[in-house]
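Notes follow once the structure below has been shown.
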Amino acid sequence: MNEIAFRVADSAPATVPRPRSVTLAFRALVAAVGFGIAETAVRGVGQFGQSTGLGSLAAGWLMRTGIYSVVLVVAWRMLRGDRWARLTLALGIGLAGTASLLVEPLAALLAADSAGDLLPDPTVGNVLVAITRIGHICAVLIAIPAMYTPAARAWFTRMRR
């Protein structure tokens with residue numbers, strides 16, 4: 001009787017506690033999406049009264065909603081221990097996403113003749129866009145390294161088995 005109970009208990013999968021860094025990475029990714037949504041909303045409000053058509057705004061929102069939804073689903077899979085999700089986030093958000101966030105400010109920096117030209121029109125909307133962009137970048141810069149701490153690497157390796 002004890003032998004049967006031992007075999008059943010021995011074959012049960014062991015639960016491996018998730019490292020805090022992986023939870024931190026997930027929360028930072030959710031924050032990054034939140035900052036992205038906030039930036040999109042601020043830009044949309046700023047463009048609403050301009051000549052930009054409603055269809056163009058809707059298309060932009062639809063595209064971003066799709067991207068943010070995919071990021072959240074992949075982040076959820078990373079939180080569950082899927083290594084492919086961690087790699088996808090590192091490449092997609094860590095490299096391509098961060099590069100897309102930096103292109104506009106770097107182009108403005110290169111085009112500026114003086115420091116005063118960097119933010120020539122400091123409206124509330126422009127300042128809010130800058131704040132949300134900085135928050136977005138900071139959240140990504142927290143998330144990606146957190147997924148690759150030694151504890152996280154060991155956990156993802158164990159989860160694969």
Side-chain angles (χ1 to χ4, degrees), residues 18-156 159:
R18 180 176 47 242
R20 288 177 147 172
S21 60
V22 174
T23 303
L24 172 65
F26 176 77
R27 289 178 179 166
L29 289 165
V30 171
V33 168
F35 281 117
I37 291 168
E39 180 181 346
T40 302
V42 170
R43 286 185 183 269
V45 167
Q47 294 174 350
F48 192 70
Q50 297 175 357
S51 61
T52 305
L54 189 59
S56 176
L57 286 174
W61 269 97
L62 187 61
M63 181 183 75
R64 288 179 186 265
T65 300
I67 291 169
Y68 295 147
S69 297
V70 168
V71 168
L72 290 174
V73 167
V74 175
W76 180 256
R77 295 301 305 232
M78 180 275 306
L79 186 66
R80 295 184 58 203
D82 291 340
R83 290 174 65 171
W84 67 265
R86 181 177 67 154
L87 180 63
T88 300
L89 290 166
L91 295 175
I93 301 301
L95 291 178
T98 302
S100 72
L101 292 172
L102 293 174
V103 166
E104 184 181 346
L106 288 177
L109 181 64
L110 292 173
D113 290 331
S114 67
D117 292 341
L118 287 178
L119 195 56
D121 187 19
T123 64
V124 172
N126 287 343
V127 171
L128 288 175
V129 165
I131 290 169
T132 57
R133 178 73 57 99
I134 290 167
H136 194 154
I137 291 169
C138 288
V140 170
L141 292 177
I142 290 168
I144 301 305
M147 292 188 300
Y148 286 91
T149 63
R153 279 195 302 263
W155 181 74
F156 279 107
M159 292 302 290

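Keep in mind that the numbers below use all heavy atoms, side chains included, and drop hydrogens, waters and symmetry copies. By convention here, the first residue in the shown sequence is residue 1.
- The minimum heavy-atom distance linking Ala90 with Ile144 is given by the pair CA-CD1, 3.9 Å.
- Distance CD1/Ile131 to CG/Asn126: 11.0 Å, rounded to 0.5 Å.
- Residues Phe35 and Ile134 are not in side-chain contact: their nearest non-hydrogen atoms beyond the backbone lie 4.5 Å or more apart.
- Residue pairs that meet the salt bridge (Lys or Arg N to Asp or Glu O under 4.0 Å) test with at least one member in residues 140-151, sequence neighbours left out, do not exist here.
- Listed here is the closest heavy atom pair of Gly125 and Val42: O-CG1, 3.5 Å.
- Taking every heavy atom of both residues into account, Pro19 and Ala151 meet most closely at CG-O, 3.5 Å.
- In the displayed structure, Arg27 atom CZ is contacted under 6.0 Å by at most 12 heavy atoms of other residues, nucleotides or ligands.
- Here the CG atom belonging to Leu87 is positioned 4.5 Å from the CG atom belonging to Leu91, to the nearest 0.5 angstrom.
- Once rounded to the nearest 0.5 Å, the distance linking CG of Leu24 with CD1 of Ile142 reads 6.5 Å.
- Of all heavy-atom pairs between Val71 and Leu89, the closest is O-CD2, 4.2 Å.
- Of all heavy-atom pairs between Val74 and Ala85, the closest is O-CB, 3.4 Å.
- In this structure, Arg20 places its CZ atom where only 12 or fewer heavy-atom neighbours from other residues, nucleotides or ligands lie under 6.0 Å away.
- For Thr132 (side chain) and Val129 (main-chain N/O), a donor-acceptor pair under 3.5 Å exists by modelled atom type.
- Summarising the geometry of Arg86 relative to Phe156, their closest heavy-atom pair is CD-CE1, 3.4 Å, with the distance given to 0.1 Å.
- With contacts defined as side-chain heavy-atom distances shorter than 4.5 Å, the pair Leu29/Met78 qualifies.
- Using a distance-only test at 3.5 Å, with no hydrogens or angles considered, no donor-acceptor pair links the side chain of Arg18 to the main chain of Thr23.
- Distance check, rounded to the nearest 0.5 Å: CG of Leu128 to OG1 of Thr123 gives 8.5 Å.
- Within a 6.0 Å radius of CH2 in Trp76, other residues, nucleotides and ligands contribute 12 heavy atoms or fewer.
- Separation of atoms OG1 (Thr88) and CZ (Arg83) is listed at 12.5 Å; rounding is to 0.5 Å.
- For Arg133, the salt bridge (Lys or Arg N to Asp or Glu O under 4.0 Å) criterion is met by Glu39, Glu104, not counting sequence neighbours.
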